[in-house]
Amino acid sequence: MLSRVVWVGALVFGACSGSDRTPTVGSIPPSEQPDLTPAASAALGRFLDPNPVTDPAELVAPGAAIDFGDIDGDGDVDLALGAHACVLRNDGRGGFSVERLDVPASAWILFADLDGDGLDDVVTTHRAVLQRASNWVDETATWLTGDSAIAEGGAADFDGDGRVDLFVRASGMRLWHNTGTRLVDATDARLPAAEAWPPPRGPALGDIDGDGDVDALVHHKDTIAGLPSGGIDWLRNDGTGHFERVRVVENANAALVRLLDVGADGRLDLVWSEHAYHGDRDTARTYLRRFPFETERLVLAPDTATGSVSGDFDVDGDADLALQDSFTRSLRNEDARLHVAPTTWPLPSRPWSGNASLVDLDGDRDLDFVAPHAILWNADRHLVIPHRPSTRDGLAVLAYARDGASTQIVLHVATSALEPAPTPLGLWHLDASSPRVAEISIDAEQLAGTWTSRLPASIAWTGTRLLVQGIALGSTGATTNCVAVSIAN
């Protein structure tokens, strides 16, 4: 996983394009330059609601479909939003440009490289949109089969032929085999007979048994005489894309289902929530069952979770879990068991639903929070530019501290490309004479501070690209990150 980098530095506020005049700022004496040695730590931190002006979350609504991938192979995380039928292309620092797909809005969306050209394409509820010469082209008639509306699903190479297939819920569970030029319905040939089970939900995909191929987990709801009679089934892949049904949980009308490797043994364990009515008794629980699913279910929470997110919260090499139910709770992994326990990782402060992911959206080497209806920036070392800077509005910066011990943030700005380039860990190469722009005092309760500076009108600023770096000082280590922004008229 990505590691948090504990480091500090400074940046030049250099000459601007279109002018040879350089703003005058102070500098940090060499004796005050802190140690630049990186140290490993967790890439998890305090989450903040994003800036509604420059961030993609302004397009994300409750229940909206969202997926992430790398559409252009540049190594950063791009987004797809179903409700707006668009792709958000990442500039590498969390700045996104909107690219419309020219198809109807969708309740489901997925990145998948259908044609095997190394670039992610987009599949929505009814359409397949492929990248062609930097354009998005609707090729539904060529790629999709039948007229079924896709409700949910995923993509993987199930048969080992090097092409991405689709496993989706669309008028029942469907497996669409990729021939290289189109998707062919292989449901009858490769999945267990549909009449043997009620209409399932899911699937959750992963190599459940650690044998090198991708399996699926589906669940369904059913009731007999007022009692739950649904279940959770493992569809075990034989390596050729043919699946065998194995019941792993009986008499459970599951709501949330998640796979994660609790035992750190390369095999996936099962977490699920269920809400059942037994006469006058109402039972709500969230459970864990370890692979190979022969052990007793373990109660994780006395409630039905509506959301989950997994990560190594305590930096000990195994997967921990956070659940969103009546409130957000953390479960620490100790000896391959999940226990409700406090964590130094601050959980998201707003509710979410569904299985969330932690990915680095803005290239600052920490992990941001992406759920079906929410994007929250990791504020462990995050800066926000609340509006486009200009000679009228100046440059405003909102800075967030790493923890309660942080007392100030030292701010630095560069106006040109960095030479040499950042290291793989994101550390900018700085020298002792690099000037500081400002110091932002941190409010002890809000763990945040603000700074605004007027831009001299005598300099041709319009279009200048600013790289803004903030360094939080005073905690057990110093942490930092940067944001990029262009100056408006």
Side-chain angles (χ1 to χ4, degrees), residues 110 112 148 150-179 183-222 228-274 286-298 308 310 319 321 336 338 355:
L110 178 74
S148 297
I150 304 174
E152 54 185 334
D157 179 9
F158 296 105
D159 50 13
D161 63 358
R163 296 187 293 265
V164 172
D165 312 301
L166 294 188
F167 201 133
V168 299
R169 179 165 66 90
S171 298
M173 204 57 63
R174 317 299 296 177
L175 177 61
W176 291 340
H177 169 64
N178 190 340
T179 68
L183 294 168
V184 176
D185 194 342
T187 303
D188 293 340
R190 299 191 178 190
L191 293 187
E195 61 268 17
W197 49 354
R201 300 187 179 195
L205 303 180
D207 185 6
I208 294 175
D209 51 0
D211 64 353
D213 53 42
V214 180
D215 309 298
L217 198 78
V218 299
H219 59 100
H220 58 84
K221 296 183 178 182
D222 203 0
S229 60
I232 303 175
D233 293 301
W234 169 24
L235 300 185
R236 183 165 54 196
N237 191 343
D238 67 359
T240 68
H242 293 77
F243 294 83
E244 172 192 9
R245 177 191 177 201
V246 180
R247 174 58 57 90
V248 296
V249 177
E250 292 278 4
N251 300 324
N253 287 348
L256 184 79
V257 172
R258 187 178 188 108
L259 292 167
L260 72 159
D261 186 3
V262 175
D265 58 2
R267 301 178 297 181
L268 299 179
D269 308 300
L270 170 62
V271 172
W272 80 97
S273 288
E274 63 178 75
T286 299
Y287 297 100
L288 166 70
R289 178 165 281 175
R290 293 287 312 282
F291 183 88
F293 311 124
E294 297 171 350
T295 58
E296 289 295 319
R297 61 178 74 182
L298 303 174
S308 73
S310 180
L321 182 69
L338 293 172
N355 290 322

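Atoms CD and CZ, on Glu274 and Arg297 in that order, are 5.0 Å from each other to the nearest 0.5 Å. Atoms CD1 and CZ, on Ile208 and Phe293 in that order, are 5.5 Å from each other to the nearest 0.5 Å. Between Leu270 atom CG and Leu260 atom CG the span is 9.0 Å, to the nearest 0.5 Å. Here CG of Leu217 is found 14.5 Å from CZ of Arg201. Values are rounded to the nearest 0.5 Å.
Contact record, Ala216 with Phe167: CB-CE1, 3.7 Å, taken as the closest heavy-atom pair. Closest non-hydrogen pair, Ala319 versus Leu338, comes out as O-CD2, 3.9 Å. Taking all atoms of both residues into account, the shortest heavy-atom contact from Gly263 to Ala336 is CA-CB, 3.9 Å. Scanning all heavy atoms of the two residues, the minimum distance from Met173 to Pro200 falls at CE-CG, 3.7 Å. Counting all heavy atoms, side chain and backbone alike, Ala112 lies closest to Leu166 at CB-CD2, 4.5 Å.
Identified under the salt bridge (charged side-chain N to carboxylate O under 4.0 Å, His left out) test for residues 206-216, with sequence neighbours left out: none. Under the ring pair (Phe, Tyr, Trp, His ring centres under 6.0 Å) criterion, the residue pairs touching residues 251-273 are Trp272-Tyr287, with sequence neighbours excluded. Within the structure, salt bridge (charged side-chain N to carboxylate O under 4.0 Å, His left out) pairs that include any residue of residues 154-169 comprise Glu152-Arg169, Asp159-Arg190, Asp161-Arg163 (at least two apart or interchain). Judged as a side chain to side chain donor-acceptor pair (under 3.5 Å), the pairs with a partner in residues 260-271 (not counting sequence neighbours) are, in order, Asp265-Arg267, Asp269-Arg290.
Partners of Ser308 according to the side-chain hydrogen bond (donor to acceptor under 3.5 Å, both in side chains) rule, which considers only residues two or more places apart in sequence or in another chain, are Arg258, Asn355. Scanning for side-chain contact (heavy atoms from CB on, under 4.5 Å) contacts around Thr179 gives His177, Thr181, Arg182, Val184, with sequence neighbours left out. Among residues two or more places apart in sequence or in another chain, the side-chain hydrogen bond (donor to acceptor under 3.5 Å, both in side chains) test is passed with Glu250 by Arg247. Taking Ala156 as the reference, Phe158, Val214 meet the side-chain contact (heavy atoms from CB on, under 4.5 Å) condition, with sequence neighbours excluded. Residues meeting the salt bridge (charged side-chain N to carboxylate O under 4.0 Å, His left out) test with Glu294, sequence neighbours left out: none.
Counting only heavy atoms from C-beta outward, the side chains of Asp238 and Glu244 never approach each other to under 4.5 Å.
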